[in-house]
A.B. asks: 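One structure is given below, represented as structure tokens, and several questions about it will come after.
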Amino acid sequence: MGLLDRLNEAQLKAVTTTEGPVMVMAGAGSGKTSVLTTRIAYLIDKCGISPSNILAVTFTNKAANEMKERIEKMINTSTSFMWISTFHSFCSRLLRIEIDRLNPYTKYFNILDEDDSLKMVRDIMKENNIDSFKPKIIKNLISKSKNFENFSVKDRLLDDTFNTVKGLYDNSLMQNNALDFDDLIIKTIELLKKNPDILEKYQDKFQYILIDEFQDTNTIQYDLIKLLSKKNRNIFVVGDDFQSIYSFRGAQIKNIRKFQNDYTDYKLILLEQNYRSTEEILTLANDSIKNNPNQIKKQMFSSDKKGKKPIIYTALSAKAEVQYVLDEMKKLILSGKKYNDFAIMYRANYISRNFEEGLIRYNIPYQIYGGLSFFSRAEIKDMIAYLRLILINDDNLSFERIINTPKRKIGDAIVNKLKVIANDNNISLFKAIDLYTGSGQGYNNLKEFKVKIESIKAQIENQLPEDIIDLIDNEFNYSDYLDTEEDFDTAKDKKQNIKEFRQMIKESFKNDTSNTDYLLSFLSDLALKTDKDEAKDSNSVILTTYHQAKGLEFDTVFMVATENGIFPSINIETTDELEEERRIFYVGVTRAKENLYITHASTRYIFGNDGDCEESDFISELNPNFYTNGNNIKQKPIEKKIEIKKEIKPTITLNNDVSFKVGDKVKHKIFGSGIVVSYDGKFVTIAFSVEYGVKKLLANHPSIEKL
């Protein structure tokens, strides 16, 4: 079979349109990788282009290796001379050859990973007695400053700290002949701009440039692409604006618009034929994504693949939702499906807990894709260790895990001394504290730690079991520790996981035994769950977030907890954010090949409370003719479209009816203090601290208040 024989008409056009700028919008499951690899093979085999004159850039090493393997099979040639890699690998390779032109660097430069970079920032701050902000916050800001467009710092105190540390950090990198990950791209651009001869060399070399997952490129990646392609202009970008879901990493969907403006003679090719999903699943996907107005219009269709309509089901509770999913899974297994045919997808990690428990109860193997099991997460293991030590003071493993978590200046020297005392007296580390003699802050904190553990233990029978978690959190400032050690989103997720763990204790409790006996039994049962190695069996149900699932496909997908406040998130405030949430929904729908279930609960424990839930607006806006109601009740008669409603008024009026003007100080529940920059009748633009930057928000959103 010939090189081009398996291509459909649109794919053939994408492969053979070799000259000039080309943009391919490749819908989900439309054979994007086949088009990329076949185009490279076509350039080499049919057009006579040397492999060394082709640059192909993608986002993962796995994708790059897969492209190389496919090309080698297509044209029976080695890919060793090809430049097919990730952005960072490409820049590293080029810099190894040319960086001598950027004084004082040499080609033997060292590349720092994230841990090494953070350590350098931490050491700089320690050496210079800078402790007003945590090193991780400053390191994240340094990275943002290198990658984000229009990055600026608004908080003066943070601005001074950031600028000081960044300057010392950059100097330290140069002195050590080192680059961090962000610098790989930045220094490549700097090298090319400062050395026209080198720029011309690589512009001549890379006659054809291909960019995969174009919708996920950030500002500096686009700048690099534009620079290299300026001479020959044979730039081929392939992506899908329907699947741009990584703005939190700096991805800029507006790069699609930039490309259209920078290459006005570009050719647009749409890949709309899907080889993955049934016509019914694609109809639902099209119906959802059409509500995003700012996109290139595509209408995905199946390659003659018919199936069942997706099922949307409303459960009475979160527990009932889990039971429904397991029951449907069991029916499909009886019909011949395997465990690895199933994926359970969710918008927030804490949702996995109920499903993990259900799968364990039915002895169904599962894997957490791209993440940890709920029971293996550090914050959950910390809470378990605290509980165990409170209940069983002689538990040395738990003692060692949390004696300095959160940090309380009880270092290895103190712990080692305790071990000697414990061994000499045949007692536990906890009891050894009574025999420990010393002085200083570490000694005082050690004694205080023991008093707090004993104090909580004395209160167990006078508290609800789940309230013990609150006592641990309050006594040991665990939430504060998360706030200072993690970035905002990570800390928020971890605190929600702890709330979910608390709810788990509450749900399991039966008031027929002492609290102590119940908690001991609970921890014993939990040990059996955490000891389960879900990942060993490849024939396992996959639990995953939508972001982790992008690029994957499954026979049957369960999109769970699709409720307002979870999906879309409660923190959505702008139309851009809402559109990205809808793209995430679209990604979930298009992971399914044969069967798609979208489920939600009428009641759920969330954000620390039991409460009623309403189905996601993304469900409400779907045409009921395109899905089956799993509850066998009357279908919704009309289609509803999501709107962010805001009454336009002549002044900035917040939810408490207080008028605002430019320059007013405001406070946001998530982003903190800020200053009003502008107001256009619907949205208010506010300059927050450097961590969050300038944001355009709904003027009447209840999260905003006047200081």
A.B. asks: Using side-chain heavy atoms (C-beta onward) and a distance below 4.5 Å, is Lys506 in contact with Gln503?
C.D. replies: yes
A.B. asks: When you look at CG of Leu316, are more than 12 heavy atoms from neighbouring residues, nucleotides or ligands closer to it than 6.0 Å?
C.D. replies: no
A.B. asks: Would Lys337 and Glu594 satisfy salt bridge (Lys or Arg N to Asp or Glu O under 4.0 Å), going step by step from the backbone distance to the final call?
C.D. replies: CA-CA 11 Å; Lys337 302 294 184 187; Glu594 298 285 344; 5.7 Å; no
A.B. asks: For Phe626, give me all partners under ring pair (Phe, Tyr, Trp, His ring centres under 6.0 Å), at least two apart in sequence or on another chain.
C.D. replies: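 Phe626: no ring pair (Phe, Tyr, Trp, His ring centres under 6.0 Å) contacts found.
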A.B. asks: When you measure from the side chain of Asp287 to the backbone of Thr283, do you find a donor-acceptor pair of N or O atoms at a distance under 3.5 Å?
C.D. replies: no
A.B. asks: Got a second to check how far Glu563's CD is from Ile570's CD1, nearest 0.5 Å?
C.D. replies: 12.5 Å
A.B. asks: Quick one: are His547 and Ile584 in side-chain contact, heavy atoms under 4.5 Å?
C.D. replies: yes
A.B. asks: Knowing that exactly one of Arg583, Arg257, Lys298, Arg582 qualifies, which makes a salt bridge (charged side-chain N to carboxylate O under 4.0 Å, His left out) with Asp241?
C.D. replies: Lys298
A.B. asks: If you look at every heavy atom in Arg276 and Ala28, which pair is closest and at what distance?
C.D. replies: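 So the minimum-distance heavy-atom pair works out to NH1-CB, 3.9 Å.
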A.B. asks: Side-chain contact, heavy-atom cut-off 4.5 Å: Ile312 with Leu622?
C.D. replies: yes
A.B. asks: Taking the six-membered ring where the residue is Trp, are the ring centres of Phe618 and Phe567 under 6.0 Å apart?
C.D. replies: yes
A.B. asks: Can you check whether Thr545's main-chain N or O pairs, donor with acceptor, with Gln548's side chain at less than 3.5 Å?
C.D. replies: no
A.B. asks: Check whether Asn564 reaches the backbone of Asp617 with its side chain - one donor and one acceptor, N or O, closer than 3.5 Å.
C.D. replies: yes
A.B. asks: Distance only, no hydrogens: is a donor on one side chain within 3.5 Å (strictly under) of an acceptor on the other, for Thr405 and Asp382?
C.D. replies: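 The answer is no; no qualifying pair exists.
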A.B. asks: Please enumerate all residues that pass ring pair (Phe, Tyr, Trp, His ring centres under 6.0 Å) together with Tyr222, with sequence neighbours excluded.
C.D. replies: none
A.B. asks: Going through the checks in order, is the side chain to side chain contact (heavy atoms under 4.5 Å, CB included) test met by Val322 and Glu357?
C.D. replies: CA-CA 9 Å; Val322 173; Glu357 283 195 290; over 6 Å; no
A.B. asks: Distance check, rounded to the nearest 0.5 Å: Lys139 atom NZ versus Ile142 atom CD1?
C.D. replies: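 Lys139 atom NZ to Ile142 atom CD1 measures 6.5 Å (nearest 0.5 Å).
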A.B. asks: Apply the test salt bridge (Lys or Arg N to Asp or Glu O under 4.0 Å) to residues Asp483 and Lys495: give CA-CA distance (whole Å), side-chain angles for both, the deciding distance (0.1 Å), then the verdict.
C.D. replies: CA-CA 9 Å; Asp483 286 334; Lys495 285 188 280 188; 2.7 Å; yes
A.B. asks: Does any non-hydrogen side-chain atom of Lys593 lie less than 4.5 Å from one of Val557?
C.D. replies: no
A.B. asks: Apply ring pair (Phe, Tyr, Trp, His ring centres under 6.0 Å) to Tyr346 and list each qualifying residue two or more places apart in sequence or on a separate chain.
C.D. replies: none
A.B. asks: Could you tell me which non-hydrogen atom of Pro406 sits nearest to which non-hydrogen atom of Asn477, and how far apart they are?
C.D. replies: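 Minimum heavy-atom separation between Pro406 and Asn477: CG-O, 4.1 Å.
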A.B. asks: Are Ile311 and Tyr627 close enough that some pair of their side-chain heavy atoms sits under 4.5 Å apart?
C.D. replies: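 Result no, sub-4.5 Å side-chain heavy-atom pair not found.
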A.B. asks: So, the side chain of Gln295 versus the backbone of Ile289: is there a donor-acceptor pair under 3.5 Å, distance only?
C.D. replies: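 Checked: pair present.
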A.B. asks: Measure the acute angle between the ring planes of His88 and Phe181, then classify it against the limits of 30° and 60° as parallel, tilted or perpendicular.
C.D. replies: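 Correct class here is tilted.
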A.B. asks: What's the separation between atom CG in Asp216 and atom CZ in Phe59, rounded to the nearest 0.5 Å?
C.D. replies: 5.5 Å
A.B. asks: Look at Glu507 together with Arg353 and state whether they make a salt bridge at an N to O cut-off of under 4.0 Å.
C.D. replies: yes
A.B. asks: Please check this pair: side chain of Lys319 against backbone of Asn354, looking for a donor-acceptor N/O pair closer than 3.5 Å.
C.D. replies: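 Such a contact is absent between Lys319 side chain and Asn354 backbone.
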A.B. asks: Kindly determine whether Asn294 and Thr575 satisfy side chain to side chain contact (heavy atoms under 4.5 Å, CB included), including the steps that lead there.
C.D. replies: CA-CA 10 Å; Asn294 304 311; Thr575 52; over 6 Å; no
A.B. asks: Check the pair Val237 / Asn255 against side chain to side chain contact (heavy atoms under 4.5 Å, CB included), numbers first and verdict last.
C.D. replies: CA-CA 11 Å; Val237 299; Asn255 282 349; over 6 Å; no
A.B. asks: Could you pull out the closest heavy-atom pair between Ile619 and Thr562, with the gap in Å?
C.D. replies: CD1-OG1, 3.3 Å
A.B. asks: Got Thr314 and Asn629 here, is their nearest side-chain heavy-atom distance under 4.5 Å?
C.D. replies: no
A.B. asks: Got a donor-acceptor contact below 3.5 angstrom from the Ser352 side chain to the Asn349 backbone?
C.D. replies: yes
A.B. asks: What closest approach, in Å, do Ala63 and Thr58 show between heavy atoms, and which atom pair accounts for it?
C.D. replies: CB-OG1, 3.7 Å
A.B. asks: Would you confirm whether Ser673, through its side chain, and Lys667, through its main-chain N or O, come within 3.5 Å as a donor-acceptor pair?
C.D. replies: no
A.B. asks: Closer than 3.5 angstrom, by distance alone: can the side chain of Asn291 be matched with the main-chain N or O of Ser288 as a donor-acceptor pair?
C.D. replies: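 The answer is yes, because a donor-acceptor pair under 3.5 Å joins these two groups.
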A.B. asks: Would you say Ile368 and Glu356 make side-chain contact, with heavy atoms under 4.5 Å?
C.D. replies: yes
A.B. asks: Do Glu213 and Gln215 pair up side chain to side chain, a donor and an acceptor below 3.5 Å, judged on atom types alone?
C.D. replies: yes
A.B. asks: Dump the intermediate steps for side chain to side chain contact (heavy atoms under 4.5 Å, CB included) on Ile505 and Phe522, then the final yes or no.
C.D. replies: CA-CA 8 Å; Ile505 295 173; Phe522 172 82; 3.6 Å; yes
A.B. asks: Are Phe355 and Phe558 an aromatic pair by the rule of ring centers under 6.0 Å?
C.D. replies: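 No, ring centres 6.0 Å or more apart.
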A.B. asks: Is a side-chain donor or acceptor of Glu466 paired with a backbone partner of Arg502 at a separation under 3.5 angstrom?
C.D. replies: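 Answer holds: no.
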A.B. asks: Within a 6.0 Å radius of atom NZ on Lys330, are there more than 12 heavy atoms belonging to other residues, nucleotides or ligands?
C.D. replies: yes
A.B. asks: For the residue pair Ser620 / Glu615, report whether a side-chain donor-acceptor contact shorter than 3.5 Å exists.
C.D. replies: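 Yes, because at least one side-chain N or O of Glu615 sits under 3.5 Å from a partner of the opposite role on Ser620.
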A.B. asks: Do Asn274 side-chain atoms and Ser277 backbone N/O form a donor-acceptor pair below 3.5 Å?
C.D. replies: yes
A.B. asks: Just wondering, do His600 and Ile566 contact through their side chains at under 4.5 Å, heavy atoms?
C.D. replies: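 Not touching, per the 4.5 Å side-chain cut-off.
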A.B. asks: Between Ile211 and Phe87, which heavy-atom pair has the shortest distance, and what is it?
C.D. replies: CG2-CZ, 4.2 Å
A.B. asks: Shortest non-hydrogen contact from Thr219 to Asn147?
C.D. replies: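 In this case the closest contact between Thr219 and Asn147 is CB-O, 4.0 Å.
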A.B. asks: With rounding to the nearest 0.5 Å, note down the distance linking CZ in Phe554 to OH in Tyr369.
C.D. replies: 7.5 Å
